[in-house]
Amino acid sequence: MRNFRISPRKSVLFSLAALLGYFGAAKAEPQSFETELLEIQQAWAQANYQLRDEAQEQAFKELEARVKSFTSQHQDRAEAYIWQGIVLSTEAGVVGGLGALDLAKQSKSSLEQALQLNENALDGSAHTSLGTLYYKVPGWPFGFGDDDLAREHLEKALAVNPNGIDPNYFYGEFLYEEGEYKAAKKHLQRALAAPARPTRPLADQERKREIQALLQQVEKKLKRRRS
């Protein structure tokens, strides 16, 4: 999830190939939960980082349908709801406009369901994503944004995964938006030093570019304060 911005203040997959059985039988073999979840994660990274404009919107529409189907088949798994929330919130940033808020609300609902099932799933990613939604969505009366809840969820995510790339990046971004530049720098540096995720090389590569870009902005702010 990234760059979902519908507030002036808050500057915020693809079809499966069939697996044929012996002698070319037409019936597809079911995939394991972990395999399909990984494919969704990788497809999200491709759509988010490698596509633009109409191609990106179309990719996210297809990914939304896929992840909703996946979640409906695994309603007892927090991981499915987490990735449904991530896909919907990222799609909100891609689509923009009035449709973005509806997608954000759907994302919030998915992430809250994930928290009810297992708040520590995927290293606390539901807290990371929900906290990010709370600071990127505008507040009342236009949306449900809430900086206090954003901080609460992001800090819970860090309690579960203190060295993770995503919780540190998004908390650093939140702190930057709040003008807490020294603290933002600390978490962004920690995000940059986070252990690699072997199954998600594209996401790691692009996230590090975002971290480096934001660190440059943080340094500029700190330099102005010192001068």
Side-chain angles (χ1 to χ4, degrees), residues 1-12 40 44 47-49 51-54 56-65 67-68 71 78 80-117 119 121-122 124-158 160 166-181 183-184 187-188 191 207 210 213-214 217-218 221:
M1 179 178 69
R2 71 185 178 92
N3 299 333
F4 174 35
R5 294 287 190 273
I6 56 178
S7 166
R9 176 175 173 262
K10 305 292 188 184
S11 36
V12 85
I40 288 170
W44 171 87
N48 192 40
Y49 294 119
L51 300 178
R52 293 290 179 271
D53 304 324
E54 291 183 7
Q56 188 178 52
E57 287 191 31
Q58 182 59 35
F60 271 106
K61 285 180 182 178
E62 292 176 11
L63 184 51
E64 177 190 346
V67 77
K68 284 183 174 179
T71 303
Y81 283 100
I82 287 169
W83 270 91
Q84 180 167 287
I86 290 171
V87 168
L88 290 168
S89 62
T90 312
E91 186 180 7
V94 170
V95 171
L98 295 176
L101 188 56
D102 180 62
L103 288 165
K105 288 178 179 178
Q106 291 182 53
S107 173
K108 177 175 177 285
S109 178
S110 295
L111 295 167
E112 289 172 340
Q113 181 62 34
L115 289 176
Q116 290 183 22
L117 290 168
E119 67 175 334
L122 298 178
S125 291
H127 282 301
T128 302
S129 298
L130 189 56
T132 304
L133 266 181
Y134 272 123
Y135 80 79
K136 292 193 174 186
V137 171
W140 189 88
F142 302 105
F144 57 82
D146 186 313
D147 286 350
D148 291 336
L149 287 174
R151 190 184 295 270
E152 177 183 331
H153 282 287
L154 290 167
E155 289 179 352
K156 285 182 178 180
L158 283 167
V160 177
D166 284 343
N168 278 290
Y169 168 67
F170 286 111
Y171 193 44
E173 186 181 53
F174 168 75
L175 293 170
Y176 173 80
E177 296 281 356
E178 294 295 298
E180 300 174 39
Y181 303 124
H187 285 283
L188 292 171
R207 181 68 78 217
E210 293 173 333
L214 186 54
Q217 296 302 312
V218 169
K221 296 289 188 180

side-chain contact (heavy atoms from CB on, under 4.5 Å) between Lys68 and Gln106, worked out: CA-CA 11 Å; Lys68 284 183 174 179; Gln106 291 182 53; 2.9 Å; yes
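- Across all their heavy atoms, Val218 and Ala184 have their closest contact at CG2-CB, 4.4 Å.
- Of the inter-residue distances, the one linking His127 atom NE2 with Glu152 atom CD reads 8.5 Å to the nearest 0.5 angstrom.
- Of all non-hydrogen atoms in Ala47 and Ala59, the two that sit nearest each other are CB-CB, 3.9 Å.
- Formation of a donor-acceptor pair under 3.5 Å by the Glu64 side chain with backbone atoms of Leu88 is not found in this model.
- Interatomic distance, Leu111 CG to Lys108 NZ, rounded to the nearest 0.5 Å: 9.5 Å.
- Expressed to the nearest 0.5 Å, how far CD of Glu210 lies from CZ of Phe170 amounts to 7.0 Å.
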Steps toward side-chain contact (heavy atoms from CB on, under 4.5 Å) verdict (Leu101, Phe142): CA-CA 9 Å; Leu101 188 56; Phe142 302 105; 5.7 Å; no
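- Between the side chain of Thr132 and the main chain of Thr128, a donor-acceptor pair closer than 3.5 Å is present.
- Between Ala104 and Leu133 the shortest heavy-atom distance is O-CD1, 3.9 Å.
- Between Glu178 and Tyr135, the side chains place no donor N or O within less than 3.5 Å of an acceptor N or O (distance only, hydrogens not considered).
- Rounding to the nearest 0.5 Å gives a distance of 14.5 Å between OG of Ser110 and NZ of Lys105.
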Criterion salt bridge (charged side-chain N to carboxylate O under 4.0 Å, His left out) on Glu57 and Lys61, from CA distance to verdict: CA-CA 6 Å; Glu57 287 191 31; Lys61 285 180 182 178; 5.1 Å; no
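- In this structure, the side chains of Trp83 and Thr71 stay at 4.5 Å or more apart for every pair of heavy atoms.
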Worked verdict on Leu188 versus Glu173 for side-chain contact (heavy atoms from CB on, under 4.5 Å): CA-CA 8 Å; Leu188 292 171; Glu173 186 181 53; 5.7 Å; no
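- For the atom pair CD of Gln56 and OG1 of Thr90, the computed distance is 9.5 Å after rounding to the nearest 0.5 Å.
- Across all non-hydrogen atoms, the minimal contact from Val137 to Gly143 is CG1-CA, 4.2 Å.
- With rounding to the nearest 0.5 angstrom, the NZ atom of Lys221 is 4.0 Å from the OH atom of Tyr181.
- Closest of all the heavy-atom pairs between Leu63 and Trp44 is CD2-CA, 3.7 Å.
- One side chain, Gln58 or Glu62, offers a donor N or O that lies under 3.5 Å from an acceptor on the other.
- For the pair Tyr169 and Leu214, the tightest heavy-atom approach, listed with the atom from each and the gap, is CE1-CD2, 4.1 Å.
- Looking only at side-chain heavy atoms (C-beta outward), Tyr176 and His187 stay at 4.5 Å or farther from each other.
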Verdict with reasoning, Ile82 to Ile86, per side-chain contact (heavy atoms from CB on, under 4.5 Å): CA-CA 6 Å; Ile82 287 169; Ile86 290 171; 3.8 Å; yes
